[in-house]
Number of protein chains: 2
Amino acid sequence: MKSPSQPRDRGIPEATVARLPLYLRALHGMAERGIATVSSEDLAGAAGVNSAKLRKDLSHLGSYGTRGVGYEVEYLVYQISRELGLTQDWAVAIVGVGNLGRALANYGGFVSRGFRVAALVDADPEVVGDTIAGLNVEHIDDLEAVIARRGVSIVVLAIPAAAAQKVCDRVIAVGVTSILNFAPVVLSVPDGVDVRKVDLSIELQILAFHEQRKAGGPLMAVDSQ
Amino acid sequence: MKSPSQPRDRGIPEATVARLPLYLRALHGMAERGIATVSSEDLAGAAGVNSAKLRKDLSHLGSYGTRGVGYEVEYLVYQISRELGLTQDWAVAIVGVGNLGRALANYGGFVSRGFRVAALVDADPEVVGDTIAGLNVEHIDDLEAVIARRGVSIVVLAIPAAAAQKVCDRVIAVGVTSILNFAPVVLSVPDGVDVRKVDLSIELQILAFHEQRKAGGPLMAVDSQ
DNA sequence: ATCCCTTTGTGAACCGATGCACAAAGTCGC
DNA sequence: GCGACTTTGTGCATCGGTTCACAAAGGGAT
């Protein structure tokens, strides 16, 4: 026989990984409202995806549903959390405590489960030493020491584009392999380092493209009345 | 004969649209450094993509290169800008001037070209009437009037998850069809409305997944020495 | 004017992701 | 214990996107 609930495939598709947090959030909401089991149809609805896609996504983790019934909410929360690595605590350092860095540090929600802001770092002597969100702001010169001391494994870059590559190189040099970049610049990193980018400007430009398209296209080839 | 440099295909792939802002940024940098022409190889390098992909992307806009030479930087900047709709000015309203909303309002860079923060709105009477980034904060009750008066066509939601759907519905009701959502919630919108989502928590969770994977997987099935 | 060199634009194979549709598997009522 | 019903898990067709590889196109030298 085989043990019934084992993650089968070590290779989970990237598209699936990107949706797991969505499912997890929906499940947390259901758990809080006391819902014990949920069908793929309902969960897919809450997460805004197709139910077949949801089932296929979950099937990559293992066979955690019961046919005729659905998925047990608490159990699925645990399995997804474990798969995403949220059963452990990740220490996050935020580099740059300008407007954005401050917002991130104070944004309690984003560090809800599994993540902990462990350090704030900035280059401006004016803010070094300040306390933001209960944390002391340390100097960028001590970046490497801070990362080592606090056990930081994920670094968030909330600094100007011009400074991003240099800081990126420094944190990689001391072993960081996960970076969330808010600076509007393409970081070049060696293999094995993951960079995820959040770029407000790009998102707005994509919206503008579609908005313009709705309004009649760039040439405004009006055949409307 | 045919006019040589006409956008040929009105259906530009979504993946291409998402990369055009990247190319545009790289081109702006080159223009500032006085570079007149650029090859697909060099531009692709600056944007961090494969050169064949870049050529195929640009070919969707038209035939704007010269074989044996490359692309004229200024001309390409204009063509991409036009395609993205950045030759016109988009009025953006930011709803919610908490930490994040404030950061966005002050973040000059993201409203660089084509975009203009035209209104700030919040529900907290404490901040309504304040001036942030040179703009008066208006009350959420006047949301519809503000959108109409300022000609807002893109709305940025920087509010708590619980309030997002309601505000979303209201702006859609007065004709807004482009929304950039920072609230950690799946918005449901009618067809024809574009929502783009920026979710810090999800990005971190994806990083955590890969970080854990590097460290040996969720089961820590160590067969290493 | 011709040849060689560079670089674009694209046909075609490939790859991953999506969604339909259904068999397999389980529950519940009687 | 059995049959009807529900819902999962997945095979398969399809689709969009990526990458390779090369013919076509243009520039510059001689």
Side-chain angles (χ1 to χ4, degrees), chain A residues 1-20 22-23 27 30 35-73 75-76 79-80 83 206 210, chain B residues 1-20 22-23 27 30 35-73 75-76 79-80 83 206 210:
Chain A
M1 80 214 64
K2 63 169 175 32
S3 57
S5 302
Q6 203 78 330
R8 57 194 53 187
D9 192 353
R10 294 289 72 203
I12 298 180
E14 194 55 35
T16 295
V17 173
R19 281 188 295 266
L20 290 180
L22 227 52
Y23 305 151
L27 286 165
M30 290 171 175
I35 298 172
T37 65
V38 64
S39 69
S40 65
E41 198 66 46
D42 289 351
L43 182 52
V49 305
N50 178 301
S51 71
K53 181 150 56 178
L54 177 123
R55 287 197 299 277
K56 189 156 288 186
D57 282 343
L58 294 184
S59 78
H60 285 115
L61 316 191
S63 204
Y64 296 144
T66 306
R67 293 174 192 230
V69 177
Y71 301 89
E72 203 204 325
V73 173
Y75 186 56
L76 200 49
Q79 291 297 345
I80 295 179
E83 197 64 43
I206 295 171
H210 292 294
Chain B
M1 80 210 64
K2 64 171 177 22
S3 57
S5 302
Q6 203 79 331
R8 55 195 54 185
D9 192 352
R10 293 289 72 202
I12 297 180
E14 195 53 35
T16 295
V17 172
R19 280 187 297 266
L20 290 180
L22 227 51
Y23 306 151
L27 287 166
M30 290 171 175
I35 298 172
T37 65
V38 64
S39 70
S40 65
E41 198 66 46
D42 289 351
L43 182 52
V49 305
N50 179 302
S51 72
K53 180 150 57 178
L54 176 123
R55 287 199 299 277
K56 187 152 285 187
D57 282 344
L58 294 185
S59 78
H60 285 115
L61 315 191
S63 203
Y64 296 145
T66 307
R67 293 173 193 234
V69 177
Y71 301 89
E72 203 205 324
V73 173
Y75 185 56
L76 200 50
Q79 290 298 345
I80 295 180
E83 196 64 44
I206 295 171
H210 292 294

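Every chain is numbered from 1, with letters handed out A, B, ... down the list of sequences. Predicted model only: the values in this text are computed from it and were never measured.
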Inset, instruction - Considering just the side-chain nitrogens and oxygens of B:R19, establish if one lies under 4.0 Å of OP1 or OP2 belonging to D:dT18. - result: yes

Legend entry - Value rounded to 0.5 Å, distance of NE2 in A:H60 from CZ in A:R55: 13.5 Å

Inset, instruction - Pick out which of A:D57, A:L58, A:N50 makes a side chain to side chain contact (heavy atoms under 4.5 Å, CB included) with A:L54. - result: A:L58

Legend entry - Separation of atom CZ in A:R55 from atom C1' in D:dT6, rounded to whole Å: 12 Å

Inset, instruction - Measure from CG on B:L61 to C1' on C:dT8 and round the result to the nearest Å. - result: 14 Å

Legend entry - Rounded distance (Å) that lies between atom C1' of D:dG17 and atom CG of B:L58: 16 Å

Inset, instruction - Examine C:dT8: is either OP1 or OP2 under 4.0 Å from a nitrogen or oxygen in the side chain of B:S40? Give yes or no. - result: yes

Inset, instruction - Heavy atoms only: give me the nearest B:Y71-B:S40 pair and the separation to one decimal. - result: CE1-CB, 4.0 Å

Legend entry - Nucleotide D:dT7, atom P - distance to CD of A:E72 in whole Å: 17 Å

Legend entry - Most 5' of A:V69 and B:E41 on DNA chain C, judged by nearest nucleotide: B:E41

Inset, instruction - Find the distance B:D57:CG to D:dG16:C1' and express it as a whole number of Å. - result: 13 Å

Inset, instruction - Taking only the side-chain nitrogens and oxygens of A:N50, find out if one of them lies under 4.0 Å from OP1 or OP2 of C:dA17. - result: no

Inset, instruction - Examine the base of C:dT8 for any acceptor or donor lying under 3.5 Å from a partner atom in the side chain of B:R67, and report the outcome as yes or no. - result: yes

Legend entry - Between C1' of D:dG16 and NE2 of B:H60, the distance in whole Å: 10 Å

Inset, instruction - State the CG-CD1 distance between A:D42 and A:I35, to the nearest 0.5 angstrom. - result: 8.0 Å

Inset, instruction - Give a yes/no on whether any side-chain N or O of A:Y64 is located under 4.0 angstrom from OP1 or OP2 of D:dT7. - result: no

Legend entry - Beyond-backbone contact of B:E72 with B:T66, side-chain heavy atoms, under 4.5 angstrom: no

Inset, instruction - Select from A:A52 and A:T66 the residue whose nearest nucleotide in DNA chain C is closer to the 5' end of that strand. - result: A:A52

Legend entry - base_contact_polar (D:dT18 base, B:K56 side chain, donor-acceptor, <3.5 Å): no

Inset, instruction - Using a cut-off of strictly less than 4.0 Å, decide whether B:Y71 has a side-chain nitrogen or oxygen near OP1 or OP2 of C:dG9. - result: yes

Legend entry - Distance test, side-chain N/O of A:S63 to OP1/OP2 of D:dG9, below 4.0 Å: yes

Inset, instruction - Figure out the NZ/P separation between B:K53 and D:dG16, and round it to whole Å. - result: 17 Å

Inset, instruction - Specify the separation, in whole Å, of atom CD1 of A:I12 and atom C1' of C:dG16. - result: 15 Å

